[in-house]
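Note sheet for the following structure.
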Number of protein chains: 2
Amino acid sequence: MNLINLFTLLRSVKIRSARKGEILIAQGATTQEVFFIRKGIVRSFSIHDKGEEITFQLYAENSVFSNVHGVLFGTASQFNYQTLEDSKFYTIPYTTMMEITQKNSELLEWNRTFFGVRIIQQAFQRVESFVFLSPEQRYMKFAKDHPVLVNRVPDKYIAHVLGITPVSLSRIKRRIAHKRR
Amino acid sequence: MNLINLFTLLRSVKIRSARKGEILIAQGATTQEVFFIRKGIVRSFSIHDKGEEITFQLYAENSVFSNVHGVLFGTASQFNYQTLEDSKFYTIPYTTMMEITQKNSELLEWNRTFFGVRIIQQAFQRVESFVFLSPEQRYMKFAKDHPVLVNRVPDKYIAHVLGITPVSLSRIKRRIAHKRR
DNA sequence: GCAGGGTGTTAACAAAAGATAATTTGCGTT
DNA sequence: AACGCAAATTATCTTTTGTTAACACCCTGC
């Protein structure tokens, strides 16, 4: 990686903080900012009938998120992205990131891994969990894969990520607890 | 697109036929062949407890499929890919396709659209349907999005794609039919 | 310390889904 | 036309989930 690109990259990276509860990207926005979470937790959600908020995804430290609909599909964001804790991020415009990484083979690979394969892989595994697993098995897998989230995020958000209601998740947890004995 | 690349591309494309029921890619295989369906229908499925086959995805004419696990993640195929009708394909090795398309800006865009964004988009929409929709709504969306599949594919396969059992799908169809009156 | 809001658990009931088996339907073959 | 097979439907029963509401708990702010 040459120095010019490195400087371009560094100059484009911004540091951003947000208090718990802040909306980073609003539904309908066309932001193309890519967020790397240094500290904190973020959820994406959309609003349905009667104003009910349904959480779609959760992100913790060291993971990357962005307005997928904007960056990948060129449409307005379907989701709100909101912090669940006081948080710190690095951000960089998507286009800048693409420009820089495309000039650089190592970074291109990193970029591909992060923004292509990684996202596909996550989405695929998630679909598989819906097709092949019961809600109970889905929760156990989630707890195994994301212990950090299980301990720090309210269950009501996790329930929707699993495609069930908070009440049902509570019952599932009780069933699992009873089985362990 | 220059002639050399065009010839390379054409030389690499193979025509393949398969009778109904044939396995094109077997679970555990490392094939990196990309299939374009000229005619016919293909399902991907994996085998679970008691040898039960669970269908994961269905593909109809003009769509592209491949051993996702091999091509994108570098692992053995988790699925069998099987024809549900007598079928005809164009096939091309994934690496060849990547090599050629990376030298060509128009094709690169096509490739990106098909193999990056398109696949992510499908996977994403599918996850959204599991998180936001009930099984009944999921079926109605599926029927709207894939009328061809609804008419030509046995319901038992569609049921698993929707994450439910064939019996349940039958009941859902009855419920919907009754509502229409 | 107390009040209030949000979160998790439990209850009660209705609706839906899973499991299993029997029955019917549809379709291709002979 | 009759047969046979697979798919779809229906039936029965059990389990799970959704829905709504009550309640307990915790935590925060005042």
Side-chain angles (χ1 to χ4, degrees), chain A residues 19-23 41 43 45 47-55 58 82-86 129-143 149-181, chain B residues 19-22 41 43 45 48-55 58 82-86 129-143 149-181:
Chain A
R19 303 289 299 274
K20 175 178 176 175
E22 261 187 57
I23 303 286
I41 290 186
R43 72 165 178 140
F45 69 96
I47 296 176
H48 290 237
D49 322 322
K50 304 176 195 166
E52 194 195 11
E53 299 179 351
I54 306 230
T55 299
L58 295 162
Q82 180 189 40
T83 55
L84 295 183
E85 300 177 354
D86 293 353
S129 80
F130 281 108
V131 173
F132 299 131
L133 305 181
S134 67
E136 183 169 328
Q137 293 171 318
R138 222 143 64 217
Y139 174 71
M140 291 196 292
K141 178 174 162 56
F142 183 90
L149 293 174
V150 172
N151 293 325
R152 281 162 62 189
V153 172
D155 280 351
K156 61 173 184 171
Y157 299 136
I158 295 174
H160 286 144
V161 172
L162 298 174
I164 58 179
T165 62
V167 178
S168 191
L169 176 55
S170 177
R171 287 187 287 228
I172 285 172
K173 282 167 60 182
R174 186 160 55 93
R175 280 206 302 270
I176 294 174
H178 280 70
K179 282 181 190 167
R180 287 207 193 292
R181 296 180 194 164
Chain B
R19 302 290 298 276
K20 175 180 177 175
E22 261 186 56
I41 290 187
R43 72 166 179 140
F45 69 96
H48 289 238
D49 322 322
K50 305 177 195 165
E52 195 196 9
E53 300 178 352
I54 307 227
T55 299
L58 294 162
Q82 180 189 39
T83 55
L84 295 182
E85 301 176 354
D86 293 351
S129 80
F130 281 108
V131 173
F132 298 131
L133 304 181
S134 67
E136 183 170 328
Q137 293 171 318
R138 224 144 61 217
Y139 174 71
M140 291 195 293
K141 179 174 162 54
F142 183 90
L149 292 175
V150 171
N151 292 325
R152 281 163 61 190
V153 173
D155 281 351
K156 61 172 184 171
Y157 299 136
I158 294 174
H160 285 144
V161 171
L162 297 174
I164 58 179
T165 62
V167 177
S168 192
L169 176 54
S170 175
R171 285 188 289 228
I172 286 173
K173 283 167 61 181
R174 186 158 56 94
R175 278 206 303 270
I176 293 174
H178 280 68
K179 280 181 191 168
R180 287 206 193 294
R181 297 181 193 163

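Protein chains get the first letters and strands the later ones, always in sequence-line order, with residue 1 at the start of each. Only this structure's heavy atoms are used, side chains among them; waters, hydrogens and symmetry mates stay out.
- With rounding to whole Å, A:R175 atom CZ is found 5 Å from D:dT16 atom P.
- Along DNA chain D, the nucleotide nearest to B:V167 and the one nearest to A:T165 differ in position, and the one closer to the 5' end is contacted by B:V167.
- Atom CD1 of B:I176 and atom C1' of C:dA15 are 16 Å apart (whole Å).
- As rounded to whole Å, 11 Å separates atom P of D:dT17 from atom CD of A:Q137.
- In the interface, the side chain of A:R171 is paired with the base of D:dG18 through a donor and an acceptor atom under 3.5 Å apart.
- Between A:H48 and B:F132, the ring-plane angle classifies as tilted under the 30° and 60° cut-offs.
- Phosphate proximity of D:dT9 to B:R174: absent, as no side-chain N or O sits under 4.0 Å from OP1 or OP2.
- Atom CZ in B:R43 sits roughly 14 Å away from atom C1' in D:dA7 (whole-Å rounding).
- Here A:I164 lies in heavy-atom contact (under 4.0 Å) with sugar-phosphate atoms only.
- Put simply, A:K173 has a side-chain N or O that comes within less than 4.0 Å of OP1 or OP2 on C:dT9.
- Annotation for A:I158 and A:L149: closest pair CD1-O, 4.0 Å, computed over non-hydrogen atoms.
- Contact annotation for A:S170: base contact, defined as any heavy-atom pair under 4.0 Å involving a base atom.
- Atom CZ of A:R19 is separated from atom P of D:dT28 by 13 Å (rounded to the nearest Å).
- Residue B:P166 is out of contact with every strand shown, counting any heavy-atom pair closer than 4.0 Å.
- Atom CZ of A:R138 and atom P of C:dG18 are 11 Å apart (whole Å).
- One N or O on the side chain of B:Q82 and one on the backbone of B:G21 form a donor-acceptor pair closer than 3.5 Å.
- Between B:F45 and B:T55 the shortest heavy-atom distance is CB-CA, 3.7 Å.
- If A:P154 and B:L169 are placed on DNA chain C by their nearest nucleotide, the residue sitting closer to the 5' end is A:P154.
- Note: NE2 (A:H160) to P (C:dG8) measures 12 Å, nearest angstrom.
- Under the 3.5 Å distance criterion, the side-chain polar atoms of A:D86 are matched with a main-chain donor or acceptor of A:K20.
- Here the C1' atom of nucleotide C:dT7 and the CD1 atom of A:I158 are 13 Å apart, to the nearest Å.
- Residues B:Y157 and A:K50 each lie close to DNA chain D; by heavy-atom proximity, the contact nearer the 5' end of the strand is made by B:Y157.
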